[in-house]
Amino acid sequence: MSIYQHKQICTITLKLSLLLIIASSTAFAAKNVIVMIADGWGFNTVLASNYYNGVTSQSYQKFPVTLAMSHYSAGTMKKLYAEEEPPNQQVYNPKLVWSVWEWVMKRATDSAAAATAISTGVKTRNQRLGVDSDGRRIANLAERAKKTGKSIGVVSSVEFSHATPAGFLIHNTHRKNYREIAQAMIDSSNADVIIGCGHPLYDDNGNPIPEANLTDKSYEWVGGKEQWLNIVSGKAGGTSPFTFVETVAQFQEIAHGEEVPKRLLGIPRVHETLQCRRTPHPKGNDTVTQPYSQPRNRDVPSLALLSVASLQTLRQNRNGFFVMIEGGAIDWAGHDNWQARLIEEMDEFNAAVDSVVRWIETNSSWDETLLIVTGDHETGYLWGPGSGANSQPMWQPLIDNGKGKLPGMWFCSDSHVNSVIPFYAKGAEAFRFNELAKYTDPVWGKYLDNTDIFHVCNTLLAETR
């Protein structure tokens, strides 16, 4: 047996021992589990938001559990540098991360594989949803929660059939099978709440699309035109159909606890994103356009409002619930290197987190509800100006230019990167995550892996309060 194999066996044995300790704990389970995902964020994304808003921290940065998290996918398990040890297995190497500038740029997960890892505890290849690398279905947290009698749901600021929300509900070998995914989410996932964009009759500015301009592709995000007709007629969802909601006033009514439906399918009157894709689009790494300088979409709900509406619907189940809430367009701003939109999308997500915190403290308690705030991967390799010049391992810090001004920052990539990302938790049994953070990054500190979210939450959902 090689030294590496011996180390691997010891590591696996240690993790299994920790999970057995967690499983045998006499502490209460979590009645409610809320996972909030800032798709595409990193530590500097949060810092840029803080600088712009003139604050030292967000509410989640004060949570009792503050860690980092790795998120590589099965498809990134390959040897890229001869000095890597052990070969073909070390998929986050802190030493190389901080000595080889481009290391994190060549081995990143996508949202589908990341969502699958979080929701199932199994690493899979990029593009896959709820299936392993061989295409076999894996039970996810929502399905497991449903078996214990809880309600389940997903919420997103991008299309509801996009990779992250889909990865928590359904099983498909490719994330771009949008029609199949939307149909499965609505017809066979047993979800109680599905909220996200993709409205076929409105554009990215929230304006109605003339009927003559509608095509078959217009209905792709919602499962096709026939499925759309079922949605608006109140027939979608089988024997217990969804109540369809699309206006701000309707979401507000539910958030206020009025006329709360049994099952909620919410599709705001906007096409791809709540706000990020509105025109005119800024230019990549635009340092002139300031956040909110371009008119916002009117009559489109905020992620905070959608979040509260989902919680008000799910809380009707006395057994509790599991829900994933995504700030999906942080990733979109990162891909396009839109600095101003990145700040706006982080503001949108931060406000959503604050609304969820208030809901917990008003309608539930930290004793019975676990709140996790993290991401699925980092997008854009955001650092200060001058970072990575000439591909040298040079990480310049962001520059604080004062409240209301864009920080000095620069996207060094237009894609995903394999840097560890922030992880925060508060509430019922949140301390359990600290027990699994057995690795250390020299810059970001202790980190766990995204599969650990599944292991802890699955244990909590399986226990009885």
Side-chain angles (χ1 to χ4, degrees), residues 18-19 21-38 41 46 57-69 118-119 121 141-142 144-145 148-155 168 193 303-304 307-327 349-376 421-437 446-465:
L18 287 169
L19 291 172
I21 291 171
I22 291 174
S24 62
S25 172
T26 57
F28 288 124
K31 178 181 178 181
N32 309 312
V33 175
I34 304 170
V35 179
M36 300 191 72
I37 293 180
W41 83 346
V46 179
S57 63
Q58 300 297 326
S59 60
Y60 46 80
Q61 292 181 282
K62 301 171 186 176
F63 282 6
V65 176
T66 59
L67 299 165
M69 185 178 79
I118 294 171
S119 65
L141 284 172
R144 293 169 185 267
T148 67
K150 296 181 185 294
S151 294
I152 59 175
V154 293
V155 180
F168 279 83
V193 169
L303 182 60
S307 300
V308 175
S310 74
L311 298 176
Q312 292 289 68
T313 304
L314 295 168
R315 70 177 296 201
Q316 296 175 104
N317 187 342
R318 64 181 182 179
N319 294 322
F321 59 81
F322 171 83
V323 64
M324 189 286 301
I325 300 171
E326 180 200 25
F349 180 76
N350 292 339
V353 175
D354 291 343
S355 72
V356 170
V357 168
R358 288 192 297 270
W359 185 92
I360 292 171
E361 294 176 346
T362 303
N363 300 281
S364 179
S365 72
W366 292 112
D367 290 332
E368 69 175 18
T369 298
L370 171 65
L371 174 58
I372 298 165
V373 180
T374 187
D376 54 356
I421 58 176
F423 176 93
Y424 307 98
K426 181 177 181 178
E429 309 300 291
F431 71 90
R432 298 184 179 196
F433 291 106
N434 285 325
E435 298 172 348
L436 296 177
K446 290 284 187 181
Y447 69 93
L448 41 65
D449 186 64
N450 58 2
T451 54
D452 291 324
I453 296 177
F454 167 84
H455 292 306
V456 172
C457 291
N458 184 49
T459 301
L460 299 184
L461 291 169
E463 292 176 354
T464 303
R465 292 187 62 85

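Worth knowing before you read on, the calculation uses all heavy atoms, side chains too, and leaves out hydrogens, waters and symmetry mates. Owing to the predicted nature of the structure, the values given are computational and were not obtained by experimental measurement.
Shown here are the side-chain contact (heavy atoms from CB on, under 4.5 Å) partners of F454, two or more places apart in sequence or in another chain: L141, R144, N458. Annotation: side-chain contact (heavy atoms from CB on, under 4.5 Å) contacts of A430 (sequence neighbours excluded): V65, L370, A425. Not counting sequence neighbours, F168 has no partner by the ring pair (Phe, Tyr, Trp, His ring centres under 6.0 Å) test. Evaluation of the side-chain hydrogen bond (donor to acceptor under 3.5 Å, both in side chains) rule for S59 yields D354 as partners, not counting sequence neighbours. The side-chain contact (heavy atoms from CB on, under 4.5 Å) check on Q61 picks up V46, N50, S57, Q58, Y424, with sequence neighbours excluded. Scored by the side-chain hydrogen bond (donor to acceptor under 3.5 Å, both in side chains) test, E361 finds W366 as partners (sequence neighbours excluded). T374 is linked by a side-chain hydrogen bond (donor to acceptor under 3.5 Å, both in side chains) to nothing, counting only residues two or more places apart in sequence or in another chain. With sequence neighbours excluded, the residues satisfying side-chain hydrogen bond (donor to acceptor under 3.5 Å, both in side chains) with S364 are E368, T369. Listed by chain and residue number, K150 satisfy the side-chain contact (heavy atoms from CB on, under 4.5 Å) test with T148 (two or more places apart in sequence, or in another chain).
Taken to the nearest 0.5 Å, the CG atom of L436 stands 11.0 Å off from the CD1 atom of I453. Rounded to the nearest 0.5 Å, atoms CG (N450) and CD1 (I37) are 9.5 Å apart. Between the NZ atom in K446 and the CG atom in L67 there is a gap of 9.5 Å [rounded to 0.5 Å]. Rounded to the nearest 0.5 angstrom, I118 CD1 and M69 CE are separated by 4.5 Å. For the atom pair F423 CZ and D449 CG, the distance stands at 11.0 Å (nearest 0.5 Å).
Using a 4.5 Å heavy-atom threshold, the side chains of L371 and M36 count as touching. With contacts defined as side-chain heavy-atom distances shorter than 4.5 Å, the pair V356/I325 qualifies. Proximity of T459 to E429: side-chain heavy atoms (C-beta onward) are nowhere separated by under 4.5 Å. Contact annotation: the side chain of V193 never approaches that of F321 to less than 4.5 Å [non-hydrogen atoms, C-beta and beyond]. The shortest side-chain heavy-atom distance between W41 and V373 falls under the 4.5 Å cut-off. Looking only at side-chain heavy atoms (C-beta outward), N32 and L311 stay at 4.5 Å or farther from each other. Using a 4.5 Å cut-off on side-chain heavy atoms (C-beta onward), K426 and Y60 make no contact.
The closest donor-acceptor contact from the side chain of T313 to the backbone of A309 lies under 3.5 Å. For the pair N317 (side chain) and L314 (backbone), a donor-acceptor distance under 3.5 Å is absent.
When all heavy atoms are compared, the tightest approach of L448 to A437 is CB-CA, 4.1 Å. Of all heavy-atom pairs spanning A304 and A351, the tightest one is CB-O, 3.9 Å. Contact between F322 and A145 at its shortest, heavy atoms only, is CB-CB, 3.9 Å.
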